[in-house]
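These notes are about the structure you will find just below.
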Amino acid sequence: MNAFSVEAFAKVNRDLHVLGKRPDGYHELDTIFQTIDLTDEIRFLEREDGELVLTIAGASQPVSEENLILRAARNLRERVGSRVGASIHLSKRIPIGGGLGGGSSNAAAALLGLRALWNLPATDADLHALAAAIGSDVPFFLVGGRARGAGRGEILRPLADGPEEWLVLVFPPFSLSTAVVYVALSAPPLTDSPGPSNLRSSDSGGGPDRNDLESAAESLQGGLRRFRLALSDLGATSARLSGSGSTVFGVFGDEESARRAFEGLAGLREETKATMMIVKTVSRAAFARRAMPPTTGQRG
Ligand code: C5P
């Protein structure tokens with residue numbers, strides 16, 4: 001019986017410009033995705049009874065993530081007209097509602113994993129189309145590394161890996177809904193006029209990158225700003241919200257500076273009950289090694 005595991009990576013948005021609201025209600029983006037070394041693990045096992053069974057460890061509440069994996073599985077089966085089943089076990093480590101793309105990553109891993117498990121003839125273009133239909137961030141997790149996202153985020157251009165960076169991640173003790181943050185943004189409609197976004201971009205420094213969702217997220221959760229400023233004060237070259245939050249991250253050029261900042265945050269950790277961790281960026285080659293299913297001969 002076919003069985004194997006893959007890692008499903010988290011991402012941060014190193015840069016996120018909202019260009020305006022589209023007639024379909026989504027927002028036109030120009031963003032840079034970067035995979036980071038924080039992963040869920042997903043195990044796939046073929047089932048002959050045709051059932052799709054998902055079990056989850058490590059999530060404290062019933063999660064929408066399970067719907068994304070099952071939706072990916074059902075959509076993929078439908079696309080190729082297959083009736084094979086699978087047991088899928090998800091070990092969850094990526095926080096939910098954190099702007100780190102965990103649910104989207106799980107869905108992409110399910111598409112890649114099940115295509116391999118079932119030996120399906122689906123092409124990469126088929127998987128991309130299925131991924132984009134599941135969610136705006138899902139296609140990025142078929143590519144990994146660093147990539148520029150346009151449209152809703154689903155039109156991707158892979159970028160060369162930058163130098164390895166160390167990130168301090170701050171998970172506040174609350175999550176944020178992407179849809180709610182976009183409503184709070186009240187973005188003006190897209191216009192044909194070229195030029196920079198007319199939205200208020202992130203204020204008070206925070207580095208060369210920006211995230212146009214930061215002020216909307218901070219208007220909903222005022223505590224976020226404090227984490228961003230603390231990371232800047234502790235030497236982060238960039239301190240931003242990831243996606244629509246609630247995770248805030250600081251970027252450091254080496255492990256030592258990241259560790260010093262982490263130690264400098266001890267008081268804030270204690271006071272706010274935020275969880276924090278240090279992670280490295282992940283190159284496209286490392287992503288491919290760890291996220292892609294093994295080829296038939298390597299499975300066990
Ligand atoms: O695509 P996805 O289902 O992940 O998006 C969740 C919600 O976030 C959408 O329903 C929409 O409200 C908002 N969104 C948006 N523009 C984007 C991506 C997401 O308005 N580019």
Side-chain angles (χ1 to χ4, degrees), residues 6-14 16 31 33-42 54-69 89-110 134-138 140-141 144 153 165-182 211 213-214 216-218 220-228 230-231 236 239-251 258 261-262 265-266 268-282 287 290-291:
V6 296
E7 290 182 89
F9 283 84
K11 60 81 180 163
V12 292
N13 297 84
R14 283 303 309 269
L16 195 162
T31 187
F33 295 108
Q34 169 69 55
T35 40
I36 56 170
D37 202 353
L38 168 62
T39 60
D40 292 339
E41 192 190 74
I42 310 186
L54 177 68
T55 51
I56 304 178
S60 54
Q61 76 256 36
V63 287
S64 62
E65 262 75 8
E66 70 190 70
N67 299 329
L68 288 195
I69 288 182
H89 184 71
L90 168 64
S91 302
K92 197 86 199 133
R93 280 186 297 251
I94 305 171
I96 294 154
L100 297 168
S104 301
S105 177
N106 293 168
I134 294 167
S136 306
D137 287 352
V138 182
F140 167 67
F141 293 103
E165 290 170 329
W166 296 79
L167 275 61
V168 175
L169 302 180
V170 177
F171 311 123
F174 50 83
S175 59
L176 278 168
S177 147
T178 302
V180 170
V181 172
Y182 273 105
N211 178 347
L213 297 176
E214 234 162 48
E218 288 175 4
L220 296 165
Q221 287 286 357
L224 285 171
R225 188 180 157 81
R226 222 176 137 195
F227 296 121
R228 195 158 59 77
L231 283 162
R240 298 262 78 108
L241 185 75
S242 181
S244 57
S246 59
T247 304
V248 177
F249 64 95
V251 180
F262 186 86
L265 290 163
L268 199 56
R269 226 172 2 257
E270 175 67 24
E271 185 195 327
T272 61
K273 306 293 175 224
T275 310
M276 303 186 192
M277 87 172 47
I278 301 176
V279 297
K280 274 194 296 188
T281 52
V282 172
F287 171 87
R290 293 166 58 185

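Note that this is a predicted model, so its numbers are computed, not measured.
- The CG atom of Asn67 lies 9.0 Å from the CG atom of Leu54; values are rounded to the nearest 0.5 Å.
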Start with the C-alpha gap between Val12 and Leu100, add the side-chain angles, then the distance that decides, and say whether side chain to side chain contact (heavy atoms under 4.5 Å, CB included) holds. CA-CA 6 Å; Val12 292; Leu100 297 168; 3.9 Å; yes
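- One N or O on the side chain of Thr35 and one on the backbone of Val282 form a donor-acceptor pair closer than 3.5 Å.
- Looking only at distances, no side-chain donor or acceptor of Thr247 sits under 3.5 Å from a matching main-chain atom of Gly99.
- Between the CG atom of Leu16 and the CZ atom of Phe33 there is a distance of 7.5 Å, given to the nearest 0.5 Å.
- The backbone N or O of Val170 lies less than 3.5 Å from no partner atom in the side chain of Arg269, so there is not a single donor-acceptor pair.
- Nearest heavy atoms, Phe141 versus Asp137: CD1-O, 3.3 Å.
- Taking every heavy atom of both residues into account, Pro173 and Lys273 meet most closely at CB-O, 4.0 Å.
- Smallest separation of non-hydrogen atoms from Leu241 and Glu214: N-OE2, 2.9 Å.
- With a 4.5 Å cut-off on side-chain heavy atoms, Ser105 and Thr39 do not count as touching.
- Taking every heavy atom of both residues into account, Ser175 and Gly97 meet most closely at CB-O, 3.3 Å.
- At a threshold of 4.5 Å between non-hydrogen side-chain atoms, the residues Phe249 and Ile36 do not count as touching.
- Between the side chain of Asn106 and the backbone N or O of Ile69 there is no donor-acceptor pair closer than 3.5 Å.
- Classified by interplanar angle (parallel below 30°, tilted 30° to 60°, perpendicular above 60°), the ring pair Phe287/Phe9 is tilted.
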List the steps and the verdict of side chain to side chain contact (heavy atoms under 4.5 Å, CB included) for His89 and Ser91. CA-CA 7 Å; His89 184 71; Ser91 302; 3.8 Å; yes
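- Remark: the backbone N or O of Gly102 is not paired with any side-chain donor or acceptor of Lys11 at under 3.5 angstrom.
- Each of Arg14, Gln34, Lys280 was checked for a side-chain contact (heavy atoms from CB on, under 4.5 Å) with Glu165, and the lone residue meeting it is Arg14.
- Side-chain contact between Asn211 and Thr31 is absent, with no heavy atoms from C-beta onward closer than 4.5 Å.
- Nearest approach of Ile42 to Ala8, heavy atoms of both residues: CD1-CB, 4.2 Å.
- In this structure, the side chains of Leu231 and Met276 stay at 4.5 Å or more apart for every pair of heavy atoms.
- Ser246 places a side-chain N or O within donor-acceptor distance of the main-chain N or O of Phe174, the cut-off being under 3.5 Å.
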If you apply the rule side chain to side chain contact (heavy atoms under 4.5 Å, CB included), what do you find for Leu213 with Asn13, and how did you get there? CA-CA 11 Å; Leu213 297 176; Asn13 297 84; over 6 Å; no
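- Proximity of Leu224 to Pro172: side-chain heavy atoms (C-beta onward) are separated by under 4.5 Å at one or more points.
- The backbone N or O of Ile94 lies less than 3.5 Å from a partner atom in the side chain of Asp40, making a donor-acceptor pair.
- For the pair Thr281/Val251, no side-chain contact is recorded, criterion being any heavy-atom separation below 4.5 Å from C-beta on.
- Interatomic distance, Arg93 CZ to Met277 CE, rounded to the nearest 0.5 Å: 9.0 Å.
- Distance CD/Glu7 to CZ/Arg290: 4.0 Å, rounded to 0.5 Å.
- Here the shortest heavy-atom pairing between Ala217 and Val181 reads N-CG1, 4.2 Å.
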